[in-house]
2 protein chains.
Amino acid sequence: MKEDVRVYKTKKNIADAFIHLLGEKDFICITVKEICAFSLTSKSTFYSHYIDKYDLLEKLVRQHADSFKTGAMMRFQSIKQGNVNGVFEKILDQITEDKAVISALLDVHISSADFQVELESILYQTCLSFLEKESASQETSLDYLARMYAANSMVMIRWTLKNGKDKQAVNLVHQIQEFIFQDLLMIKS
Amino acid sequence: MKEDVRVYKTKKNIADAFIHLLGEKDFICITVKEICAFSLTSKSTFYSHYIDKYDLLEKLVRQHADSFKTGAMMRFQSIKQGNVNGVFEKILDQITEDKAVISALLDVHISSADFQVELESILYQTCLSFLEKESASQETSLDYLARMYAANSMVMIRWTLKNGKDKQAVNLVHQIQEFIFQDLLMIKS
DNA sequence: TTCAAAACGTTGCTTTTCGAACGTATTGCA
DNA sequence: TGCAATACGTTCGAAAAGCAACGTTTTGAA
């Protein structure tokens with residue numbers, strides 16, 4: 001059963017309004033009334049889709065976290081011949097497509113829906129399982145390497161969202177990634 | 001009786017889709033089906049608001065021509081002490097606000113709805129009635145001056161829509177306008 | 001020129017949205 | 001602290017949008 005077009009449009013309007021308001025004020029200060037007014041939807045319609053503004057936030061975070069996870073896993077799986085460079089660059093591209101939403105969500109920190117935490121966790125997980133599967137040597141803790149990868153990626157993501165894609169910055173990340181994946185690279189080459 | 005929000009949103013979606021499609025292909029080649037598909041509205045809804053795509057075009061032209069006319073008349077009426085400069089600049093600003101729509105409509109030439117013709121006629125009319133009311137001397141044909149004003153304004157409008165507001169170009173228009181309004185300016189100063 | 005595919009435009013029925021009204025809960029200010 | 005204004009969240013009838021099916025017209029390619 002597919003979603004009714006009207007429902008799709010309504011949800012999009014609400015999400016867009018919400019993201020816009022997040023750019024103006026803190027999540028806590030945003031009211032449902034404002035979201036309805038800005039998105040031109042009635043209160044009754046809002047409440048027929050969401051329990052409250054927290055529910056809206058959680059659903060948005062879930063949606064984009066899932067999409068990010070799918071993308072990240074896909075990229076890691078498609079790595080051939082130890083070609084790890086380029087994976088992160090594609091992740092950056094993906095994130096840039098939804099720049100407005102991602103940027104807004106990254107700055108909201110509600111325990112039930114913390115996008116920043118989710119993203120970093122996804123990066124850590126995907127990187128770790130990749131290392132465990134592909135790396136022969138275990139001299140350095142894979143867990144440590146994966147955490148380092150995730151942390152560095154997050155910095156780079158935030159920076160790119162703010163300043164746009166920059167070749168020098170991307171190169172720097174590549175160097176760090178090469179260090180993290182050096183075991184793997186040595187074996188494969 | 002105010003317009004239902006749902007109607008407003010539907011019409012906006014349709015208009016936005018239409019303008020977007022006009023940027024891609026000729027008016028003649030655009031189908032109602034495409035407009036509906038892109039705007040995510042159903043055929044039945046489209047036909048409950050418009051007779052056909054020509055009706056849609058005519059209504060858009062009418063709406064923006066009226067808005068332009070109101071703006072132009074307001075600006076001309078607010079001229080004090082022969083300060084004619086600045087009137088056109090504000091008209092330019094107004095047009096720039098709806099850049100996408102205006103640009104698209106200016107390139108469609110359907111006899112029942114020719115935006116280019118309407119704009120030029122409005123500029124001519126408002127300028128002429130201003131000259132007739134304010135100008136004492138009638139050495140030069142006011143009709144000729146008004147037509148010149150309209151023609152020059154149209155060139156400037158098109159140019160600005162394409163290249164953005166440019167100080168030098170604006171200054172040039174000011175010089176031409178000063179020539180057109182010189183009778184008036186001499187009397188008032 | 002013929003004919004099939006696509007676009008047109010209409011209709012009846014279903015689902016969604018709106019808006020106003022309501023009582024409740026929060027907020028912010030005197 | 002007390003109280004008025006504002007936001008919350010729900011309900012229900014009315015209006016609008018969607019959808020599928022239909023016959024008609026236009027289009028474009030054999």
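The analysis underlying the following values was restricted to heavy atoms, covering all of them including side chains, and did not include hydrogens, waters or symmetry mates. Values in this document were obtained by computation on a predicted structure and should not be read as measured data. Reminder, nothing fancy here: chain letters follow the sequence lines and each chain counts from 1.
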Touch class at under 4.0 angstrom, heavy-atom based, for A:K2 against every strand present
nothing
Please tell me which of A:E34 and A:E3 maps to the more 5' nucleotide of DNA chain D, matching each residue to the nucleotide holding its nearest heavy atom.
A:E34
Determine, for A:K11 against A:D16, whether the closest basic-nitrogen to carboxylate-oxygen distance falls under 4.0 angstrom.
no
Is A:I35 touching bases, backbone alone, or none of the nucleic acid, heavy atoms closer than 4.0 Å?
nothing
Please evaluate the base of C:dT16 for a donor-acceptor partner in the side chain of B:R6 within a cut-off of under 3.5 Å?
no
Please tell me which of the listed nucleotides, C:dG19, D:dA17, C:dC8, lies nearest to the side chain of B:V32?
C:dC8
Looking for any heavy atom pair under 4.0 Å, which part of the strands does B:K53 touch: base, sugar-phosphate only, or nothing?
nothing
Under 3.5 Å donor-acceptor pair, A:S44 side-chain atoms to D:dG9 base atoms
no
Grab the OH-P distance between B:Y47 and D:dT24 for me, whole Å please.
17 Å
I want to check a possible cation-pi pair here: A:K53 against A:F27, using under 6.0 Å from ring centre and within 45° of the ring axis as the test.
yes
Based on the rotation axes of five pairs at each end, what angle does the helix from C:dT1-D:dA30 to C:dA30-D:dT1 bend through, to 10°?
60°
Can you give me the closest heavy-atom contact between A:F181 and A:C127, atom names plus distance?
CZ-SG, 4.0 Å
Is B:K43 near enough to C:dG9 that one of its side-chain N or O atoms lies under 4.0 angstrom from OP1 or OP2?
no
Taking atom CE as the centre, does B:M73 end up with more than 12 heavy-atom neighbours from other residues, nucleotides or ligands that are less than 6.0 angstrom away?
no
Whole-Å distance between D:dT25 C1' and B:D52 CG?
14 Å
Does the distance from a Lys or Arg side-chain N to an Asp or Glu carboxylate O, for A:K69 and A:E118, drop under 4.0 Å?
no
Length of the line joining A:I14:CD1 and C:dT17:P, which is rounded to integer Å:
8 Å
Passing candidate, side chain to side chain contact (heavy atoms under 4.5 Å, CB included) with B:E89, options B:K165, B:M156, B:R75
B:K165
So, does B:S42 get its side chain near the phosphate of D:dA17, meaning an N or O under 4.0 Å from OP1 or OP2?
no
Whole angstrom value for the distance that separates P of D:dG28 from CD1 of B:I28
12 Å
Could you tell me whether A:T31 contacts a base, only the sugar-phosphate backbone, or nothing, with contacts defined as non-hydrogen atoms closer than 4.0 Å?
sugar-phosphate
Could you give the CG-to-P distance, from A:D4 to D:dA17, as a whole number of Å?
13 Å
Using a cut-off of less than 4.0 Å, is there contact between a side-chain N or O of A:T45 and OP1 or OP2 of C:dT17?
no
Quickly work out the A:K33 NZ to D:dA5 C1' distance and round it to whole Å.
10 Å
Pairing of B:E34 and B:K25 as salt bridge, 4.0 angstrom limit
yes
Expressed as a whole number of angstroms, how long is the span from B:H49:NE2 to C:dG9:C1'?
15 Å
Could you tell me if A:T45 and A:S42 have a donor-acceptor pair between their side chains, going purely by distance under 3.5 Å?
yes
Would you indicate what B:I30 reaches in the nucleic acid, counting non-hydrogen atoms under 4.0 angstrom: base, sugar-phosphate, or nothing?
nothing
Take atom CZ of B:F46 and atom P of C:dT10, then tell me their distance rounded to the nearest Å.
11 Å
